[in-house]
Amino acid sequence: MQAQTNVGSGSFGFSDGVHPTFSVVLEGTDAKTVEGFWRDELKRISKDVSSKKEIIASGALLPQVAPDTVRVLVKAEQRKGSPMLTAHVAIYTRNGWVGPDSDPKVYDAGERYVSERTTALRRQLAHEALDAGNKQLARLQNELSGLSREQERMEGQIKKSNDRAADAAEDQEHARKEIADMEPRIVEQRAINASSPSAENDKALAELMKQQARLNERLRKAQDEERNMKKRAEDLGWEVKKNVEDQGRKTSEVAAQEAVVKELRAKLEAIH
């Protein structure tokens, strides 16, 4: 994007014939946007504006160009697939179409008018590009922050999983000790039941067996808990690794977009 707006002279075939024009080459926009800008600009100073085949403003007030109202024609021309666009502006006064052969003061005034309006358009486009760039940067920064928060969350879950695995391992030790303490009591009760059978002794043995079963179930659950928590911590570890890689890529995207925004801001500031 050039800092200065360069207005050239030429001619263009409008629907009512070929007329001398002020022409400006623009980049990074399209015919609809350019013609829409000119239509809005001309509506503010014209009696009537139509936009069928081209923008036609009738009864336009351009005192810097002519004391009477003028007619302004605008057409944006862009080849398919090209980033470049040429805006053709023709001005008709009481003395005819303004061109290089017109009164130099009138021609210079027309050129300044087209230059000023084009500069305003370029600044508008540059503002829009900068706004879009800032939005994209904010989106990327939010995504990076989200990845960072997700990493912290997963690392917290890893710690909790490891703590639960450690608690489960400790619980297994306690269960094994209680099971070991229970075994001789069961052996002893069985001996008592064998020498002195009774309903009371049978009940005592049954109770000891229930306690042993509960301890074995507690041991099994603690083993499952330790195994599950270690697996969960391992899975989360892989997720954290992937997250860190994603953060690296996202950080590069943020840096690249920051450079884009810096360039867009510089382009905007350079337009005058």
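Taking the charged nitrogens against the carboxylate oxygens, Glu217 and Arg220 do have a contact shorter than 4.0 Å, which makes a salt bridge. Using a cutoff of 4.0 Å between basic side-chain nitrogens and carboxylate oxygens, Arg176 and Glu173 are scored as salt-bridged. At a threshold of 4.0 Å, the pair Lys135-Asp131 does not count as salt-bridged, since none of the basic side-chain nitrogens sits closer than that to a carboxylate oxygen. In summary, Asp224 and Arg227 engage in a salt bridge, as defined by a charged side-chain N under 4.0 Å from a carboxylate O. Ion pair Glu225/Lys221 not flagged as a salt bridge, since none of the NZ, NE, NH1 or NH2 atoms sits closer than 4.0 Å to an Asp/Glu carboxylate oxygen.
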Exercise. So Ile56 and Val49, side chain to side chain contact (heavy atoms under 4.5 Å, CB included) or not? Walk me through it.
Worked result: CA-CA 6 Å; Ile56 302 175; Val49 177; over 6 Å; no
For this session: Might you work through the side chain to side chain contact (heavy atoms under 4.5 Å, CB included) test for Val25 and Met84, ending with a clear yes or no?
Result: CA-CA 7 Å; Val25 176; Met84 311 303 293; 3.5 Å; yes
For this session: Could you please spell out the steps behind the salt bridge (Lys or Arg N to Asp or Glu O under 4.0 Å) verdict for Asp167 and Arg164?
Result: CA-CA 5 Å; Asp167 289 343; Arg164 288 177 62 180; over 6 Å; no
For this session: Evaluate salt bridge (Lys or Arg N to Asp or Glu O under 4.0 Å) for Arg214 paired with Glu207, printing each intermediate quantity in order.
Result: CA-CA 11 Å; Arg214 284 195 292 268; Glu207 181 59 31; 3.6 Å; yes
For this session: Take Asp163 and Lys159 through the salt bridge (Lys or Arg N to Asp or Glu O under 4.0 Å) test and state the conclusion after the steps.
Result: CA-CA 6 Å; Asp163 289 344; Lys159 183 179 184 304; 3.0 Å; yes
For this session: Apply the test side chain to side chain contact (heavy atoms under 4.5 Å, CB included) to residues Val240 and Glu152: give CA-CA distance (whole Å), side-chain angles for both, the deciding distance (0.1 Å), then the verdict.
Result: CA-CA 9 Å; Val240 167; Glu152 291 178 3; over 6 Å; no
Problem set entry | Glu226 and Lys230: CA distance, side-chain angles, deciding distance, salt bridge (Lys or Arg N to Asp or Glu O under 4.0 Å) verdict | CA-CA 6 Å; Glu226 181 184 22; Lys230 285 183 175 180; 3.2 Å; yes
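Within the model, atoms CD of Glu150 and NZ of Lys242 stand 10.5 Å from one another, a figure rounded to the nearest 0.5 Å. Expressed to the nearest 0.5 Å, how far CD of Glu253 lies from CG of Leu144 amounts to 9.5 Å. Here CG of Leu140 is found 11.0 Å from OG of Ser252. Values are rounded to the nearest 0.5 Å. For the atom pair Arg153 CZ and Arg149 CZ, the distance stands at 12.0 Å (nearest 0.5 Å). Taking CG from Asn193 and CG from Asn201, the interatomic distance works out to 4.5 Å, rounded to the nearest 0.5 Å. How far CG of Leu130 is from CG of Leu137: 10.0 Å, rounded to the nearest 0.5 Å.
Clustering of Ile, Leu, Val, Met, Phe, Trp and Tyr side chains at separations under 4.5 Å leaves Leu147 isolated, with no partner residue. Residue Ile186 is found in a hydrophobic cluster whose other members, listed by chain and number, are Ile179, Met182, Leu205, Leu208, Met209, Leu215, Leu219; membership requires side-chain heavy atoms under 4.5 Å apart, directly or through intermediates. Through ILVMFWY side-chain contacts below 4.5 Å, Met229 is grouped with nothing and stands alone.
Taking the side chain as every heavy atom from C-beta outward, Arg218 and Glu178 approach each other to under 4.5 Å. Within the 4.5 Å cutoff, the side chain of Val89 has no heavy atoms near those of the Leu73 side chain. Between Arg139 and Glu143 the shortest side-chain heavy-atom distance falls below 4.5 Å. Put simply, the side chain of Leu121 does not reach to within 4.5 Å of the side chain of Thr29, judged on heavy atoms. The closest side-chain heavy-atom distance from Ser23 to His88 is below 4.5 Å. Using a 4.5 Å heavy-atom threshold, the side chains of Glu258 and Val260 count as separate. Using a 4.5 Å heavy-atom threshold, the side chains of Asn6 and Val24 count as separate. Within the 4.5 Å cutoff, no side-chain heavy atoms of Gln189 are placed close to those of Arg185.
A donor-acceptor pair under 3.5 Å is absent between the side-chain atoms of Asp202 and the main chain of Pro197, judged by distance alone. Judged purely by atom type and a 3.5 angstrom limit, Ser115 has no side-chain atom pairing as donor or acceptor with the backbone of Glu111. With Arg123 contributing its side chain and Ile271 its backbone, the two residues share a donor-acceptor pair below 3.5 Å. A donor-acceptor pair is defined here as one N or O able to donate and one able to accept, closer than 3.5 Å; no such pair exists between the side chain of Asp48 and the backbone of Ser58. Without hydrogens or angle criteria, Ser195 side chain to Ala191 main chain gives a donor-acceptor distance under 3.5 Å. Between the side chain of Ser82 and the backbone N or O of Arg79 there is no donor-acceptor pair closer than 3.5 Å.
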Pairs under 3.5 angstrom only: tabulate donor-acceptor contacts from the side chains of residues 30-38 to other protein residues two or more places apart or in another chain.
unit_1	atom_1	unit_2	atom_2	d
Asp30	OD1	Lys32	N	3.2
Asp30	OD1	Thr33	N	2.7
Asp30	OD1	Thr33	OG1	2.8
Glu35	OE2	Ala76	N	3.0

Under 3.5 Å donor-acceptor pairs involving side-chain atoms of residues 92-110, not counting sequence neighbours:
unit_1	atom_1	unit_2	atom_2	d
Thr93	OG1	Asn95	N	3.2
Thr93	OG1	Gly96	O	3.2
Arg94	NH1	Asp68	OD2	2.6
Trp97	NE1	His19	ND1	3.3
Ser102	OG	Trp97	O	3.4
Ser102	OG	Gly99	N	2.8
Ser102	OG	Gly99	O	3.2
Asp103	OD1	Lys105	N	2.8

Run the side-chain donor-acceptor check on residues 232-239: report pairs under 3.5 Å with partners two or more places apart or on a different chain.
unit_1	atom_1	unit_2	atom_2	d
Arg232	NH1	Gln157	OE1	3.4
Arg232	NH1	Ser161	OG	3.1
Arg232	NH2	Gln157	OE1	2.8
Asp235	OD1	Lys231	NZ	3.0
Asp235	OD2	Lys231	NZ	2.8

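No side-chain N or O of Thr86 forms a donor-acceptor pair with one of Gln78 less than 3.5 Å apart. Using modelled atom types and a 3.5 Å distance limit, the side chains of Ser11 and Thr21 yield no donor-acceptor pair. No side-chain N or O of Asn216 forms a donor-acceptor pair with one of Gln212 less than 3.5 Å apart. Inspection of the Gln151 and Glu155 side chains reveals an N or O donor paired with an N or O acceptor under 3.5 Å.
Linking Ile, Leu, Val, Met, Phe, Trp and Tyr residues whenever their side-chain heavy atoms come within less than 4.5 Å leaves Tyr113 and Phe12 in two separate clusters. Residue Leu42 is not grouped with residue Phe14 when hydrophobic side chains (ILVMFWY) are merged at heavy-atom distances under 4.5 angstrom, including chains of intermediate members. Criterion: ILVMFWY side-chain heavy atoms under 4.5 Å apart, direct or through other members. Under it, Ile45 and Val70 are part of a common hydrophobic cluster.
Considering every non-hydrogen atom in both Pro20 and Ala90, the closest pair reads O-CB, 3.5 Å. Nearest heavy-atom pair, Leu85 versus Ala87, reported as atom, atom and distance to 0.1 Å: CD2-N, 4.0 Å. In terms of heavy-atom proximity, Gly133 sits nearest to Gln257 at O-NE2, 3.0 Å.
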